[in-house]
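Heads up, the thing below is written out as C-alpha cells.
Ligands are counted one by one from 1 in listed order, and the atoms in each one are counted from 1 as well.
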Amino acid sequence: MDLNNLNYIVIGAGFFGAVIAERIASKLRERVLVVDRKSHIGGNSWSIADPATGIECHCYGSHIFHTSDPQVWNYINSFTEFNSYRHRVLTNYRGRIYQMPVNLATICDFYGRTMTPFEAAMLLSDEAKSSGIIDAKNLEEKAIYQIGRPLYDAFIRDYTLKQWKTDPKQLPADIITRLPVRYSYKSDYFDDPWQGIPLNGYHHLFERILDHPDVEVMLGLDFFEIREQIPPECTVIYTGPIDRFFGYKYGRLGWRTLDFEKEVCNVRDYQGTAVMNYADDTVPFTRVHEFRHFHDERPYPEDRTVISREYSRTCNLNDEPYYPVNAIQDREILALYRADADMATNVIFGGRLGSYRYLDMDKSIASALEIFNTRIRKES
Ligand code: UDP
C-alpha cells in the first residue's frame, strides 16, 4: 500500500484497532492500513489450535467474551457465533479448592460451617466493621471492606501481590470491583447476560472482522519504523503503549507482562476446569489454564490435554505489555501523557495499551465503536 495516499492507518490489530479499521472500510468506504509488530492479528486475544492435539489455545491467557452491552453483542455476532461456555473459576488455597469469586460456598467452606445468605452477610459485615474502613481508597481497603480481612488474606492478598508485584495499598480499588461478592451459590465469574467463546476461535473472528477489500494488514512491522513516512494529513489510530508513542519522555508507565509455560499432558482432563487460580505465595504461578474446557462442543482427543501455567512479572522494554499497573506514581505520569495525547493532531489513542485502561474485550469494542462515531465519522 502506498503510504502517500493513505487517509487512515491503524497501529495494532487487537479488538480496538480491528473494529475501527472495519468501521472505516465498511462505513466510510475508505482504504485503511493496519500494521502490527506481532506476526498475527488479534493482539493478546489471539487463539489458535495447538498443532499436536488440535485443542484451541488462548496464546495470551484465557479470554472469555462477556458483555452486557447489546450494541457490542449485536456487532460481534455479525462476525461469529459463540458457544454456550459460562466461565467458572476455582482457587487453590493451601491445597484446598474454593469457588472464586467469593460466594456463599467459599464463605462456608473457608469458615468451616454452613451459613444462610443472611448469616454470611452479617459475618462479613462484622469483619468489615472491625477493620474500621469507611471510605475504601485502594485495592486492599476495598477488598477488606467487601469480604473482611481473613478472606482477603487467604484469597486476594498474595494472589494480587503475585499478579501485580505492587503493594495492594498502591493499587486502584477498581481492580477488585471487577469481582462480585455473592451471598448465594451462584458460581459464574461474570454477571453479564451474554458470554461465550467464539465458536471457531478468536483467529477466525479476527480474520472475519478484517476481511474487507479496503483493509490491508501488514504484520511483523513496527509502526516506529515507518512513522516518518506517514503523511501528516493521515489519521493515525494508535493502540500501542501510550508512553512508547511519546518516546517515554515523562518516564515509563508501570505495565505487567505474563509468561506462559505450555504443556501437553497425557491425560484427558488435567484439572477438571478451564481456570484454576493459585492463591498461595509459595506457588510461583498465578493460575493454570486448561483450554479443552472452553469447547465442550468439539471432539477433542480422549488421551491428551493442553495446559498453560501463567506467571506475571514486571514488563521490560522488549516485553509484551498486558496490564496497566496504574499505581499512584503511574497516575501522575499518565496525566502528562494524556495531556499530550489530547494535543496530538490526527492521532487517536485507544485500546488497553493506548488508553492505559484495564479494558475487557467488550469495553474495547464499545470504545472503538464510540470513537468511530464521535471522532472519525463526524470529521469525515
Ligand atoms: N484476584 C485475586 N484472587 C483471585 C482472582 C482475582 O486476588 O483469585 C484479584 C487480583 O488482584 C486480580 C483482580 O482480582 O488482578 C482481577 O481479577 P480478574 O480475574 O478480573 O483478572 P484478569 O482475568 O483480567 O487477569
Side-chain angles (χ1 to χ4, degrees), residues 14-15 43-45 58 60-67 87-94 96-103 105-107 109-110 136 138-182 187-192 195 197 254-260 271 273-281 283 285-289 294 308-315 320-327 351-353 357-364:
F15 268 113
N44 288 1
S45 310
H58 298 195
Y60 303 88
S62 296
H63 279 71
I64 298 92
F65 198 90
H66 58 100
T67 190
H87 197 38
R88 294 192 179 93
V89 174
L90 297 166
T91 185
N92 183 319
Y93 169 64
R94 296 191 177 169
R96 289 193 57 196
I97 306 299
Y98 298 85
Q99 293 189 15
M100 179 57 61
V102 169
N103 69 4
T106 323
I107 301 166
D109 285 350
F110 181 79
N138 56 55
L139 191 157
E140 176 169 297
E141 288 179 3
K142 185 77 193 183
I144 293 174
Y145 185 74
Q146 284 181 329
I147 58 174
R149 185 169 277 284
L151 285 165
Y152 167 78
D153 284 349
F155 298 117
I156 308 296
R157 186 192 60 205
D158 293 347
Y159 183 98
T160 297
L161 267 168
K162 282 198 284 188
Q163 169 72 6
W164 299 95
K165 285 283 185 305
T166 302
D167 181 346
K169 290 191 201 65
Q170 304 283 318
L171 289 168
D174 60 6
I175 292 180
I176 204 67
T177 50
R178 292 168 61 84
L179 304 187
V181 178
R182 301 200 185 98
S187 58
D188 283 9
Y189 205 68
F190 306 115
D191 282 324
D192 297 311
Q195 303 181 24
I197 308 289
W255 301 95
R256 299 293 293 161
T257 192
L258 301 178
D259 295 320
F260 292 96
Q271 62 182 11
T273 194
V275 177
M276 179 72 74
N277 290 356
Y278 284 82
D280 298 292
D281 58 1
V283 178
F285 41 85
T286 47
R287 49 190 165 185
V288 176
H289 310 265
F294 287 127
S308 186
R309 294 181 193 86
E310 178 179 321
Y311 299 81
S312 171
R313 65 175 168 81
T314 302
C315 183
E320 204 58 62
Y322 283 66
Y323 294 95
V325 179
N326 206 8
R352 199 186 261 210
L353 309 182
R357 282 160 60 211
Y358 189 175
L359 297 176
D360 286 335
M361 295 181 280
D362 66 323
K363 297 287 186 308
S364 266

* To do: Determine whether any heavy atom of R287 lies closer than 4.0 Å to an atom of ligand 1.
  => yes

Quick check: does [X] get an N/O under 3.5 Å from an N/O on ligand 1?
X: L179; answer: no
X: W164; answer: yes
X: R178; answer: yes

Atoms in ligand 1 with a heavy atom of [X] nearer than 4.0 Å:
X: Q163; answer: 15 (O)
X: Y189; answer: 5 (C), 17 (O), 18 (P), 19 (O)
X: N277; answer: 4 (C), 5 (C), 8 (O)

* Would you mind telling me which of V89, V275, I197 makes a side chain to side chain contact (heavy atoms under 4.5 Å, CB included) with S62? =>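 Single pass found, and it is V275.
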
* Asked: Are there more than 12 heavy atoms of other residues, nucleotides or ligands under 6.0 Å from atom NZ of K169?
  -> no

Side chain or backbone of [X] under 4.0 Å from ligand 1, or both, or neither, by non-hydrogen atoms?
X: I176; value: side chain
X: I156; value: both
X: Y358; value: side chain

* Asked: Given the rule in the side chain to side chain donor-acceptor pair (under 3.5 Å) test, do T106 and N103 qualify, once you have shown the distances and angles that lead to the verdict?
  -> CA-CA 5 Å; T106 323; N103 69 4; 3.0 Å; yes

* What is the ring orientation for Y98 with Y93, classed by angle as parallel under 30°, tilted 30 to 60°, or perpendicular over 60°? ->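 Ring orientation, 0 to 90° scale: tilted.
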
* Validation row, ring centre F294 to ring centre H58 under 6.0 Å ->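 Yes, close enough.
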
* Centre of F190's six-membered ring, under 6.0 Å away, within 45 degrees of the axis: is that where NZ or CZ of R178 sits? ->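 No, R178 does not sit over the ring of F190.
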
